[in-house]
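Here is the structure we will look at.
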Amino acid sequence: MLEFSESTYTQRKTLFVEVILPLAISRNYTYRVPFEMNNAVAVGKRVVVQFGKSKLYTAVVAAITEHAPKKYEAKYIIEILDDNPVVTEGQLKFWSWLSEYYMCNEGEVMNAALPSALKLASETKVMLNKDFEYDKASLNDKEYLITEALSIQPELTISDIVKLLGQKTVLPILKTLFEKNIVNISEEVSERYKPRRRTYITINPAYHNQDSLRELFAILEKRAPKQADAVLAYIKLSRQQKIVSKNELIEESGSGESSIKSLIEKEVFFAEDRNVSRLGHDDSEAINEFTLSAAQQLALEEVNRSFGDKDVVLLHGITSSGKTQIYIRLIEQMVATGKQVLYLLPEIALTTHIIERLRMYFGSDIGVYHSRFNDNERVEVWQKVLNNEYKVVLGARSSVFLPFSDLGLIIVDEEHETSYKQYDPAPRYNARDAAIYLANMHQGKVLLGSATPSFETYYNARVHKYGLVNLSERFGGVQLPTIEVVSISEELKRKTMQSHFTSVLMADMALALEAKEQVILFQNRRGYAPVLMCRVCAYTPKCINCDVSLTYHKHSGKLHCHYCGYKEDSPSICPACGSTHLEYKGFGTEKVEDELSVLLPDVKLARMDLDTTRSRNSLQIILNNLEEKKIDILVGTQMVAKGLDFADVTVIGIINADSLLKYPDYRANERSYQMLAQVSGRAGRRDKQGKVVIQTYDPNHRVIKQVIENDYLDLYLTEMEERKSFKYPPYYRIINLDIKHKNAEVLYNQAEYLANELRKHFGDRVIGPEPPLINRIRNYYIKSIMLKFERDTISIVKAKAIVRDVITQFQTTKLSKGSIVQPDVDPY
DNA sequence: AGCACGCCGACT
DNA sequence: GTCGGCGTGCTC
């Protein structure tokens, strides 16, 4: 920047800025800088500009020039919001790469990158922060006016405030109010992340000696026998374990909450609310000082060695091999050199213990970034990363957008997880891939960790683009579960099946229940029955939007579409032929649960799928119940495969593996394998080997064999190479085009037309549009066209350039008015 | 993303 | 006759 010595010069010079607006528009726009702001403008600062008729937006300065635009008169910047840039130049480069790579606008990237409190606009809503007491005397007149208005009306838009104050420049005032924590800025009501809290009970030290205890007991026994029970139970429990939770005490003693409450009032018990980790209590202390096992130590050294000549290393470690400890060591190493570390986790995993585990270890140096955080918290993390106060950040996919200055290492845990990919609004980025670019910008390293790596990552490791480190020993001597494959057809022949359960599974479940252990049953279909069919005419109800058969849900008594959410009443007579012989075909989690409750009436059953976890805390409640042993058998969909580290689950039953093996997706086998391996990996405890029962009609299926042999990627890739049958990624690069339109018929025509246009350039590499499956999401019908390129036959850059061209032409053609084409790049 | 402009159908 | 639906184009 030009400094004081030339201040008179800069005063006279006319400067222009190119800004990124948080909108889906294709270009950046140029604004003129008023002379008095010449010294204050800088790349990366936020400015307020008017765009269009009357709207104000927060834009980010991407460049400063001296050249006046020739074709139009530039508008002036209204104000500059920041004293120091909030976006680094590195981030601007990252945004620009991302918009190029994922074929979207920089504005869309900006939208995803900035917490909404950093991009105030006329329509942004402002409200009082209820959790915060502020001192009215400390406010100036205008701030007072705003807070008063907000105490009458719960929320105001920025335009309202402009009217209220009768002046245009209100954002700096709001910025101060926001910084003082007096107001909140919000688009949606984001729930505050709550660490799990639990009430623990300790006994008053006065009763540590036998005499006083006996005395207490004598009194209680007469007046309040329930309370006496509670004291007894406490003594019993405290002999067995270090810490006693209130819930355990209630259960053990059989006395109610009120008895314990009155004991607390009498100061016999003390209650204390504490954050609990999902680790067992015995682990929580060991965490601060741990030593790596020999295998872990070796893996760590190999990772370090690999980083010598590779920028990306895949740590392929089986479930429970203790990858987290290796991560912790790597983070320590990096923090010691003063560099920053980003630890990426898939969204769901962030509710588990890992945050607390790392917090315990690294204390306040660690920042957490999470979609469940509210905006104030997100901005706080943003600022602290910018000021280098956080050396370590733990976060979900959006944390790749934080303003890092010197990133030495990015850890991508559970690298294969699909939740790293953002689908709906652009940028449709994959945080794992973006992280690799980001690390490269900082000349940092990337560690990809997974028990079941994705094809493309494993492929890259195999061709030595990435380093590869294997960790194939479970930590702490935990044994891998035994896997038994049971043929359903065999058992049917012998008539030993009970509803959907083979005799083997029934026997194993009985053993586990007897030992007071838990069981997870996996059925990859929700609802009661996926198909309703007329026995007479074979009519099947289908979704009016999506052309898929509707699933019957018993709890609602309705037929649901699992694609778009459409519902209709389940018919009692066939709408086609009037027959009453309607049959439910197939089965889902609801039916499994239903039939199990008949077979095992005394068992505590629960179900975990999209339907039972839709409401806010229900997932947490189920997990808590599982942990507190209020559930004996949990029936669930893929959800059960993830983040159930703590459970006392020794038996896992896969009700019907075939529904997985026929997964209608081009990455079918990869997913089936991952799912089976992940579910299976959950079986067993430190002191007890687990058992997995896979029920199937096809015991010789290749994927099942691969699960048993615990090898998949090598077997598969070798096979593919030998046969040169380029059937799956990683041999492909794919561009998906989602075309959307409000009218289904128009959509068909346009998709057809677009596909043909693309065929002119790419020939039979264009797949689709495949009739007739169309999904209706919100107000749009959506249809996909896929462009598939064999690796190395065309550069993805060139392919994207052509695609962009075709789309632009397509959108200016008469035929395509009103349709939207959204490109999505899968860089396999 | 807004917003205006403009072109067609269905109302007082 | 006008009101209002949304298709289209533009915003520095």
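Just so we're on the same page: letters track the sequence lines, and every chain starts at 1.
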A/Glu89: partners by salt bridge (Lys or Arg N to Asp or Glu O under 4.0 Å), with sequence neighbours left out
none
Enumerate the residue pairs fulfilling salt bridge (charged side-chain N to carboxylate O under 4.0 Å, His left out) with a member in residues 747-768 of chain A, sequence neighbours excluded, ordered by first and then second residue.
A/Glu757-A/Lys760
Enumerate the protein-to-nucleotides 10-12 of chain C contacts in which both atoms are nitrogen or oxygen and the separation is below 3.5 Å.
residue	atom	partner	partner atom	Å
C/dT11	O3'	A/Gly52	N	3.4
C/dC12	OP1	A/Gly52	N	3.4
C/dC12	OP2	A/Lys75	NZ	2.1
C/dC12	O3'	A/Thr30	O	2.8
C/dC12	O3'	A/Lys75	N	2.8
C/dC12	O2	A/Thr30	N	3.1
C/dC12	O2	A/Tyr72	OH	2.4
C/dC12	N3	A/Tyr72	OH	3.3
C/dC12	N4	A/Arg27	NH1	3.1

Please set out all donor-acceptor pairs under 3.5 angstrom arising from side-chain atoms of residues 17-29 of chain A, sequence neighbours excluded.
residue	atom	partner	partner atom	Å
A/Arg27	NH2	A/Tyr29	OH	3.3

Residues that A/Arg32 engages under side chain to side chain donor-acceptor pair (under 3.5 Å), provided they are two or more places apart
A/Tyr76
Considering residues at least two apart in sequence or located in another chain, which fulfil the side chain to side chain donor-acceptor pair (under 3.5 Å) criterion with A/Glu568?
A/Tyr566
Using the test side chain to side chain donor-acceptor pair (under 3.5 Å), find all partners of A/Lys567 that sit at least two apart in sequence or belong to another chain.
none
Could you list all the side chain to side chain donor-acceptor pair (under 3.5 Å) pairs where at least one residue sits in residues 149-158 of chain A, not counting sequence neighbours?
A/Thr157-A/Asp160
With heavy atoms of chain A within less than 4.0 Å as the criterion, where does contact along DNA chain B begin and end?
B/dA1 to B/dC3
